[in-house]
Structure formats: structure tokens, C-alpha cells
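Since the structure comes first, as C-alpha cells, the remarks are kept for the end.
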Amino acid sequence: MKILAIYGSPRREGNTSLLLKEAVKGAQKAGAEVEEIVLRDLNISPCLEIYGCKQTGRCVIKDDFQRIHDALLTCRGLMLASPIFFYTVSAHTKIFMDRCQSLWVKKYWIDKAGFGTRRDRKGLFISVGATTGKKLFEGALLSIRYFFDALDMELWRALTCRGLDLAGDVLKYPEFLDEAHRAGEELCAAIEGMD
Ligand SMILES: Cc1cc2nc3c(=O)[nH]c(=O)nc-3n(C[C@H](O)[C@H](O)[C@H](O)COP(=O)(O)O)c2cc1C
């Protein structure tokens, strides 16, 4: 089973990265083949809204997004991690999400069919914010729900942690790291359960 793990924080050893690393370990323990992608290491342009993708369903901008495109179509699970920046996802994450408009175009305008069924492709979203307000994750979760839907994926679970600010703050909360590890394992079990 192929799972894609996408790190959306500009901080390499930041809180969401540490959580996603645990989820990756959990998924690997459950037998998944995990491909890890660190967005900050890639050269990905924002969507230019030129709709070159209308021809083939593939984005025409020649950059590192092309490396992710096929994996997005074939993976059974996606684990995406982003910090909260101004009540939504980070810029790295949003730029990546916007480039997936080409997949939306493929699905709705070209193939007029999905890539799988929403039930057999599942997504895990991991997020962290510094403050503790009730609405902290609302903006990000709204975007993420529609994003996963465009990829024909169910937002299976969101793991959200409040009150973490400095890089490595999450290490003070082993319960969050355990939860991420379990989420990785359980995501695989949930996908296998659909077979
Ligand atoms: C540009 C920027 C915007 C931020 N906006 C918010 C915010 O709206 N709400 C919040 O609680 N924390 C905010 N934070 C704090 C981060 O969410 C927090 O430091 C988090 O732990 C970073 O996760 P990371 O280590 O995975 O990058 C912001 C941080 C930055 C750098």
C-alpha cells in the first residue's frame, strides 16, 4: 500500500514535521510503503491560473510539482502536515494545494470521473498552532476538506495540537507523538479494511 507523506512546514525539525515523522513510522510499521516529500526542499511555483491543464489534466508548469503529480493519483493514503499560519495552512502547503487544481480539472472537466472512490483513498491532516482558541483550525480544516475531496479522498482524520510554538515544543507532549504514530498505523488499517 502506497502512502504519501507531505511536510508543509518551512521548519525542518518543527512540530508538524516531528508529528508527521511519527505518523510515517506508524504507517511503515503497519506495512505501508511511504514516500516522503518535503515541500520546502522543492521548487514549486504558485498556480498561474493559465489552465494549460485543460488539455490533458496535467499542470503545464515544469517544476518539482511534476514529481508529486503521479504519486498523488496512485497513492491510497495521503498524510499532509502544516502549521497554522494566520488561521490557515502555511504558504508552502497552500501553493502545493493550488497546483492540484490541475487534478480537479482532470476529474471534473476531462475524465468526468474520479481517480478512485472517496472511500478507498484516505487522508490524514496534521496541524499545530501556537494559540489555544476554539476556532484555531477552522479555516485550515475547511480548505483541507475541499482539497481532499478534489483528490477523491476522504478526510479520514485530523490530528490538531494547540499551544505549541517553538520548534520542538511538541517533544514535551509524548501523548501527541504517540497519537500521531497510532494515526499512521490506523490509517493503513482503515485503508486495508476497504479492500
Ligand atoms: C507566519 C506565521 C503565522 C502564524 N500564525 C499563527 C496563527 O494564526 N495562529 C497560531 O496559533 N499560531 C500561529 N503561528 C505559530 C505557529 O503555528 C507555531 O509556531 C507552530 O508550532 C509552527 O509549527 P511548525 O514548527 O511545524 O512549523 C504562526 C507562525 C508564523 C511563522
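The residues of the chain are indexed from 1 along the displayed sequence. Atoms within each ligand, like the ligands themselves, are counted from 1 in listed order.
With respect to the salt-bridge test (charged N to carboxylate O, under 4.0 angstrom), the residues R157 and E186 qualify. A salt bridge does not link E33 to R76: none of the charged side-chain nitrogens sits closer than 4.0 Å to a carboxylate oxygen.
Residues satisfying the salt bridge (charged side-chain N to carboxylate O under 4.0 Å, His left out) test with E185, not counting sequence neighbours, are K29.
Ring planes of F96 and F65: tilted class, angle from 30 to 60°.
Side-chain heavy atoms closer than 4.5 Å link hydrophobic residues (I, L, V, M, F, W, Y) into clusters, and following such links, possibly through other members, connects L20 to L171.
Residues lining ligand 1 at a heavy-atom distance below 4.0 Å are given as S9, R11, G14, N15, T16, P83, I84, F85, F86, Y87, V128, G129, A130, T131, L136, L164, D165, ordered by chain and residue number.
Aromatic ring centres of F147 and W104 lie farther apart than the 6.0 Å criterion allows.
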